Amino acid sequence: MATSNSGANLLSFFLYILLVALVGLMSFLVYNSFDYKKSASADSTAVYVAPDSNFTHLWTAPSEWRLMYVKEEEKDLVEYGRELIAHTSEYLGPKGSVKAISNGMNCQNCHLNAGTQPWGNNYFAVQSTYPKFRARSGAIEDQVKRVNDCFERSLNGQALAAESKEMRAILAYIKWLGTDVEKGVAPKGSGIFKLKGLKRAIDPAKGAEVYAAKCQSCHQADGGGLLAENGKSYTYPPLWGPHSYNHGAGLYRMSNFAGYVKYNMPLGANYDKPQLSDEEAWDLAAYVNSMPRPGKDLSKDWPDIAGKPFDHPFGPFADPFTEEQHKYGPYKPIKEWITKHKKSKK
């Protein structure tokens, strides 16, 4: 009987030791998974700040594996279209293997990661929102017109024939990227982020300082970019000069350029980890778009001049502001005038 009690007591002792050890281990793990220093220094009265919803749950391109369910001919067109967007100059640049109809830049120099980068001027909303009316042309435009606008403006080149294999491939790729996007919807993260304007005029001189510090190591001091060894394309595209986009391109609008560089530049930056302040982005836009570049006949643009955006820098205008203010701002008075007069027409 004594022996039995002794064995039971010994078993209880070992179970107690085991329990203490487990409690100690759990305490150790909980302690080490908790940021003690941060907790100790945190202000317990601080108000929780929700993340900016503009940069969460953004739309992304369809997964690559889904192409296996696409018909072979369509799949080939999609893949060729992606190649054309990523390496346009190899096929359609000054030394292109198909045609020489563009300036040596690639479509993805403006539409990052072959048009798939959230807030990187991507193509996610093109299939879902076209055809649509565009005030710039004063007409209903389809995807062919939209693509050729890029060739004639951003690539400072010539239009692609609508029936060409290259146009069909680009359209197939754009359609692919718009997979699952509801008709008429522009998903979150598509296009370029609309950056809040400054209260002052944007400043090319300040922008020159930003460019020297954060841009010219890639795009070069003369803005001419860095030509690749093959001489067909650019490792870093020209931001001004004879081989850059002309002044009819979308990025020639200050708001587009500022929103684009804020969340994509310099190299390594994105919407999640920007490297430029809002002021730096706006001033950089002022500097780059004040430099010489190819021109384009814009006489047929904006047939209704009241439809011109606040930062379109070429008159005539329906408002009383100068070309200088339309280009460099401050923009708030212009936007307020436009809003007021739109309301008065209703």
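Atom set for the values below is all heavy atoms of this structure, side chains included, hydrogens, waters and symmetry mates excluded. Predicted model, so just to flag it, every value in this text is computed and none were measured.
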Nearest non-hydrogen partners of Pro303 and Gly138, listed with the distance: CG-CA, 3.7 Å

Do Gln325 and Pro333 have side chains that get closer than 4.5 Å, going by heavy atoms? yes

Could you tell me whether the side chain of Leu239 reaches within less than 4.5 Å of the side chain of His219, counting heavy atoms only? yes

Return the minimal non-hydrogen interatomic distance between Ser128 and Val185, and the atom names on each side. OG-O, 2.6 Å

Straight-line distance of Ser233 OG to Leu227 CG, nearest 0.5 Å: 7.0 Å

Flag yes if more than 12 heavy atoms outside Lys99 fall under 6.0 Å of its NZ atom; otherwise flag no. no

Ring centres under 6.0 Å, that's the criterion: do His326 and Phe314 meet it? no

Using ring pair (Phe, Tyr, Trp, His ring centres under 6.0 Å), reason through Tyr211 and Trp240 one step at a time and then give a plain yes or no. CA-CA 12 Å; Tyr211 184 84; Trp240 64 83; 5.1 Å; yes

Would you say Ile101 and Met105 are hydrophobically clustered, going by side-chain heavy atoms of ILVMFWY under 4.5 Å? yes

How long is the span from the CH2 atom in Trp59 to the CZ atom in Phe124, to the nearest 0.5 Å? 9.0 Å

Can a salt bridge be assigned to the pair Asp319 and Lys335 using a cut-off of 4.0 Å between side-chain N and carboxylate O? no

If every non-hydrogen atom of Ser154 is compared with every non-hydrogen atom of Ala249, which pair is closest and at what distance? OG-CB, 3.7 Å

Beyond-backbone contact of Glu152 with Lys296, side-chain heavy atoms, under 4.5 angstrom: yes

Main-chain N/O of Ala286 paired to Asn289 side chain as donor or acceptor, under 3.5 Å: no

How many angstroms lie between atom CG of Asn103 and atom OG of Ser244, to the nearest 0.5 angstrom? 7.0 Å

Close side-chain approach of Leu155 to Gln158, heavy-atom, < 4.5 Å: no

Please tabulate, for side-chain N and O atoms in residues 160-171, each donor-acceptor pair with protein atoms closer than 3.5 Å (sequence neighbours left out).
{"unit_1": "Ser164", "atom_1": "OG", "unit_2": "Ala161", "atom_2": "O", "d": "2.7"}
{"unit_1": "Ser164", "atom_1": "OG", "unit_2": "Met167", "atom_2": "N", "d": "3.2"}
{"unit_1": "Glu166", "atom_1": "OE2", "unit_2": "Tyr80", "atom_2": "OH", "d": "2.7"}

For His247 and Tyr252, the nearest pair of non-hydrogen atoms, with its separation, is O-CD2, 3.3 Å

Would you please indicate yes or no on a ring centroid separation below 6.0 angstrom for Trp282 and Tyr287? no

Please step through side-chain hydrogen bond (donor to acceptor under 3.5 Å, both in side chains) for the pair Asp272 and Asn270, ending with a clear verdict. CA-CA 5 Å; Asp272 196 37; Asn270 59 31; 5.8 Å; no

Tell me the closest heavy-atom pair linking Asn122 and Ser190, and the distance in Å. OD1-CA, 3.2 Å

Side chain to side chain, Asp149 and Arg134, heavy atoms closer than 4.5 Å: yes

Distance from Lys308 atom NZ to Ile334 atom CD1, nearest 0.5 Å? 12.5 Å

Could you tell me whether Lys71 and Asp76 make a salt bridge, using a distance below 4.0 angstrom between a side-chain N and a carboxylate O? no

Reported OH-to-CD distance for the pair Tyr236 and Gln220, which is rounded to 0.5 angstrom: 9.5 Å

Verdict with supporting geometry, Glu280 and Lys206, salt bridge (Lys or Arg N to Asp or Glu O under 4.0 Å): CA-CA 8 Å; Glu280 287 176 324; Lys206 291 181 178 179; over 6 Å; no

For residues 188-208, which residue pairs pass the ring pair (Phe, Tyr, Trp, His ring centres under 6.0 Å) check, not counting sequence neighbours? Phe55-Phe193, Trp119-Phe193, Phe193-Tyr263

Spatial distance of atom NZ (Lys232) from atom OG (Ser97) [nearest 0.5 Å]: 6.0 Å

Side chain proximity check, Leu92 to Phe151, heavy atoms < 4.5 angstrom: yes

Once you measure the plane-to-plane angle for Tyr69 and Trp65, does it fall in the parallel (<30°), tilted (30-60°) or perpendicular (>60°) bin? perpendicular

Within 6.0 angstrom of Lys214 NZ, more than 12 heavy atoms from elsewhere: yes

Pair Phe317 and Trp302, ring centroids less than 6.0 Å apart: no

Are Glu83 and Tyr173 close enough that a side-chain donor and a side-chain acceptor fall under 3.5 Å? no

Would you say the side chain of Asp278 lies within less than 4.5 Å of the side chain of Lys262, judging by non-hydrogen atoms? yes

Apply salt bridge (Lys or Arg N to Asp or Glu O under 4.0 Å) to residues Asp283 and Arg200 and explain how you reach the verdict. CA-CA 11 Å; Asp283 289 335; Arg200 61 169 173 84; 2.8 Å; yes

Centroid separation His111 to Tyr123 less than 6.0 Å: yes

Mind checking side-chain contact (heavy atoms from CB on, under 4.5 Å) for Leu251 and listing every partner two or more places apart, or none if nothing turns up? Cys110, Ile192, Tyr245, Asn256, Phe257, Tyr260

Would you call Val261 and Leu276 a side-chain contact if the rule is heavy atoms closer than 4.5 Å? yes

